[in-house]
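These notes are about the structure you will find just below.
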Amino acid sequence: MSTTRTILICSGKGGVGKTTTTANLGIALARQGAKTVVLDADFGLRNLDLLLGLENRIVYTAQEVLAETCRLEQALVKHKQEPNLALLPAGNPRMLEWLKPKDMQAIVALLERQFDYVLIDCPAGIEDGFKNAAAAAREAVVITTPEVAAVRDADRVIGLLNTQGVQPVQLVLNRVRPKMMSNQEMLSVDDVTDILALPLLGLVFEDEQVIVSTNRGEPLTLSDSSSPAAQAYGNIAQRLQGEDIPLMDPSQARRGLRARMRKLMQTRIF
Amino acid sequence: MTLRLPDQRLDHWRDRLPDLLSRCSQPIVDLDCGDWVLTCSDLADLCAAVSEAGHQLGRITGQAAETVVSASALGLDASRSNTPSSRELQPNPVTTAPSELLFHHGTLRSGDHLQSKRTILLYGDVNPGARISSAADVLVWGRLRGVAHAGCEGSTTAKIVALQLRPLQLRIADVVARGPEDLPQAGLAEQAELKDGVIAIEPAVIQSFQKR
């Protein structure tokens, strides 16, 4: 019936970049012309509005929509610069127990009527918050970093998603440090995909610009930034839309301009 | 009249109990537990179900010593039935007839725990953080990177075989060993078994797959 894609952004472990990814993917998808809504299911500790710079515009939440004290249009917060993107907080931080899986499904069903993409920012952990968020999702993107603990938690979450019938589940490897990877001080891309056995939707390199943009409330993908993370998020959004974009190669990333020039010289163009 | 619990291999007694109780016509019911190993809480649930159906429990008989002990602990009139329990006929080793094989297709992810009294054949990986335990052998047609426990009811002849054996921990019967630190040789299936009370890993031998 509906062609809306409802995607859960989850990780299990905290601090690996669920919210950052949700914000950047949301902006990137919206810039590519898809009507997108980001649903903050991590409303106990809500941050998504901060990252998008929409903190002061929130009046209602999905809670009021379901209680019919306001209309959905009133609760949806449109992004300032990117009209294709809207934010909906799932609930009031002080009424955590209120939300049940069926409420989440009801919210998402409402959103699916008018959006192409519904991105659900999932809370860390695998308790009720995760179960609520997962109940409404059709597909999922699991975020992990090349660390043993993050991979272990991601593995657990993938197992739970499989039992809930969320399909397909794809992987984003975040905060990759190419130099450490090439020195084998960090798990390699192969180490991670070997354990998790999921299709890799994208690699995002560690990038200081992410911290800057997070604090400013302007996701990297909002401007035509040439920072590696911004490009990576853009690529992930395009791959979600079904385009075939090659993955970044961490072993190539650290090469300076001179090395790139040399490589270009060696390439036989003529 | 006697209430006979179903055969362990066919049905779980909890599923069949309402049906069995509905067929009882007399107020006092004797209970034959067969070879079920019932704990105190199992038996308490059973008693509650029986009295809820308007009956009273009479004598309890069972083949497993554990069941009789639990029943006595609850103050019930319990005794051992004559037929010896199948577990005690062959205490060690646990036999692995083909029908006693549990086949599981799929990877066990962190937090999963696959348990069986039968030999387990897993077609998939055991990821770090996952557990697989069997009262008999554990056979993994894939990479074993989690925790495996063979012979978890005490069988010391149980084996663990995997295409790639790189576990966090191995257990056979009551013996525990940490997994090897180094990478195993590629393309070589390995097996772990007890030798002189320690777990030893060596290349898998074909006999280990055959019925002992």
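Worth knowing before you read on, the calculation uses all heavy atoms, side chains too, and leaves out hydrogens, waters and symmetry mates. Chain identifiers are assigned alphabetically (A, B, ...) following the order of the sequence lines, protein sequences preceding nucleic acid strands; residue numbering begins at 1 within each chain.
Summarising the local packing, CZ of B:Phe103 is surrounded by more than 12 heavy atoms from other residues, nucleotides or ligands at distances under 6.0 Å. Atom CZ of A:Arg5 is surrounded by more than 12 heavy atoms from other residues, nucleotides or ligands within 6.0 Å. Enclosure of atom CD in A:Glu185 by more than 12 non-hydrogen atoms of other residues, nucleotides or ligands within 6.0 angstrom is indicated.
In terms of heavy-atom proximity, A:Arg156 sits nearest to B:Ser110 at CD-O, 3.0 Å.
When each of A:Ile195, A:Asn162, A:Ile126, A:Asp153 is checked for heavy-atom pairs under 4.5 Å with chain B, A:Ile195 comes out on top.
Rounding to the nearest 0.5 Å gives a distance of 11.5 Å between CZ of B:Arg109 and OG1 of A:Thr163. Residue A:Asp194 holds its CG atom at 8.0 Å from CG of B:Asp125, rounded to the nearest 0.5 Å. Rounding to the nearest 0.5 Å gives a distance of 8.0 Å between CG of B:Asp112 and CG of A:Asp155.
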